[in-house]
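Right, one structure below, let's go through it.
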Amino acid sequence: MSKKKNSFLLGMAAGIPIALGYLSVSFAFGISAVRAGLTYIEASMISLTNLTSAGQVAGIDVIAARGSLFEMAAVQFTINLRYALMGISLSQNLDKSYTFPYRLIGAHGITDEIYAVCSTHKEPIKPAYMYGMTAIAVSGWVSGTFIGAFAGKALPEQVTAALGIVIYGMFIAIIVPPASKQRSILFTVIAAALLSIACKLFLPMISSGFAVIICAVGAAALAAAIFPVKEE
Amino acid sequence: MAIALYIAVMAGVTYLVRMIPFAFFTKKIESVYIKSFLHYMPYAVLSAMTIPAIFFSTGNMTTAIIGTIVALVLAYLDLPLIAVAIAAAAAVFAAGVFLN
């Protein structure tokens, strides 16, 4: 039992930078949600039940335009499809205790950031570890939304502008150390970045969620062909 | 249409997309190619999400580039995630104040 609690706390600790990054990103989401005509309760409910940035931003666009529910479902499916891939990837490195009922709950915590931290974690993932990380990430995400929706206009613009980079700073901190040590990962990172720039320049009509899928799948497929991972 | 209905559809679709593969996929993958692909996926996802989006994340490309350079250097020095993230934001803030 104490061991279980321990992994929960470990997960929470590992999730602190995620929560802080989320706080700043969801703050911006809260501001736009109110601009789109939602109340701060509705905005916070969306953050609690969706826990995703690109999908939520696209979702409030659909609501603001009074689109159909089918459009809403199609948009969410496309933008969030990457989580399906991440779920399969994560399923390969789960602890034996991570059984079906735990997975039903744990699935809600599959986000880009939680996936990145869990999938680069050295040991098999225990439910408590992922739950701890999800719990603190959700609190950051929902409270940021609430504060942004409620009091967003009160903060000086230079502060909100600076907060915009927090989550990307965290991404860089995750990818640079392994990329500087392993050529295969450096190759993956550069290939994905170049593809992503090309998407932005030449295919601007593709939504950002969909662009991420194409670029990530392309870069990982290429890296896997050139640098197959040897068995440990 | 009621906003609650939109929110329910958003939440429902997003949850199912996450849950179905994660809960039902229990096989161990044997193919070296697919294993390698999944090994490189997180790095590819994070890189594609960061670049070029980071350059537009502060509303001013100059401050964003300064923040990016600070993040790259500190990450290369293996500093903790949170230190890199906050230092990047502090650099953007300082650059914003300085440039105005």
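Throughout, a chain's letter reflects where its sequence line sits, starting with A, and its residues are numbered from 1. Only this structure's heavy atoms are used, side chains among them; waters, hydrogens and symmetry mates stay out.
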Checked A/A223, A/C199, A/A219 vs chain B; the most non-hydrogen pairs under 4.5 Å come from A/A223

Among B/V17, B/V84, B/L79, single out the residue with the greatest number of heavy-atom pairs under 4.5 Å to chain A.
B/V17

Any side-chain heavy-atom pair of B/M19 and B/L16 under 4.5 Å
yes

Using a cut-off of under 4.5 Å for heavy-atom pairs, which of A/L222, A/V166, A/L104 has the most such pairs with chain B?
A/L104

Heavy-atom pairs under 4.5 Å with chain B: which of A/S119, A/A73, A/A116 has the most?
A/A73

Looking only at A/E113, A/K181, A/M72, A/M170, most heavy-atom pairs under 4.5 Å shared with chain B are made by A/M72

Do you know which of B/A8, B/P80, B/S47 has the most heavy-atom pairs under 4.5 Å to chain A?
B/S47

Interface check, chain A: of B/G96, B/A89, B/A87, most non-hydrogen pairs under 4.5 Å belong to B/A89

Which donor-acceptor pairs under 3.5 Å do the side chains of residues 56-64 of chain A make with protein atoms, sequence neighbours left out?
residue	atom	partner	partner atom	Å
A/Q56	OE1	A/L51	N	3.2
A/Q56	OE1	A/T52	N	3.4
A/Q56	OE1	A/W141	NE1	3.1
A/Q56	NE2	A/S47	OG	3.2

Do you see a donor-acceptor pair shorter than 3.5 Å between the side chains of A/Y115 and A/S89?
yes

Please state whether the side chain, the backbone, both or neither of A/V75 comes within less than 4.5 Å of a heavy atom of chain B.
neither

Would you check if A/V229 and B/Y40 make a side-chain contact, meaning some heavy-atom pair closer than 4.5 Å?
yes

Does a side-chain heavy-atom distance below 4.5 Å link A/S91 with B/P21?
no

Sort A/A179 into side chain, backbone, both or neither according to what part of it lies under 4.5 angstrom from a heavy atom of chain B.
neither

Taking 4.5 Å as the heavy-atom cut-off, does anything in residues 60-69 of chain B contact chain A, and if so which residues?
B/A64, B/G67, B/T68

Just how far is it from atom CD1 of A/I190 to atom CD1 of A/I185, taken to the nearest 0.5 Å?
12.5 Å

Ring pair (Phe, Tyr, Trp, His ring centres under 6.0 Å) filter on A/F187, not counting sequence neighbours, yields A/F227

Taking ring pair (Phe, Tyr, Trp, His ring centres under 6.0 Å) as the definition, give me every residue that meets it alongside A/H121, ordered by chain and number, with sequence neighbours left out.
A/Y129

Which atoms of B/Y15 approach chain A - backbone, side chain, both or neither, heavy atom under 4.5 Å
side chain

Which region of A/L195, side chain (C-beta onward) or backbone (N, CA, C, O), has a non-hydrogen atom less than 4.5 Å from a non-hydrogen atom of chain B, or is it both or neither?
neither

So which part of A/S184 gets closer than 4.5 Å to some heavy atom of chain B, the side chain, the backbone, both or neither?
both

Between A/I88, A/I110, A/V176, the one whose heavy-atom pairs under 4.5 Å with chain B are most numerous:
A/I110

Side chain, backbone, both or neither: which part of A/P101 has a heavy atom under 4.5 Å from chain B?
neither

If you take the centroid of each ring, where Trp contributes its six-membered ring, are A/Y102 and B/F22 closer together than 6.0 Å?
no

Greatest number of heavy atom pairs closer than 4.5 Å to chain A - which of B/A94, B/S36, B/G12
B/S36

Against the six-membered ring of B/F56, is A/K200 placed for a cation-pi contact (under 6.0 Å from the centre, within 45° of the normal)?
yes

With a 4.5 Å cut-off on side-chain heavy atoms, are A/I172 and B/I54 touching?
yes

Evaluate the criterion ring-ring contact (aromatic ring centres under 6.0 Å, His included) for residue pair B/F98 and B/F93; output intermediate values, then yes/no.
CA-CA 9 Å; B/F98 187 75; B/F93 181 77; over 10 Å; no

Between the main-chain N or O of B/I51 and the side-chain N or O of A/S196, is there a donor-acceptor pair closer than 3.5 Å?
yes

Most contacts with chain A, counted as non-hydrogen pairs under 4.5 angstrom, among B/A11, B/A88, B/A71:
B/A11

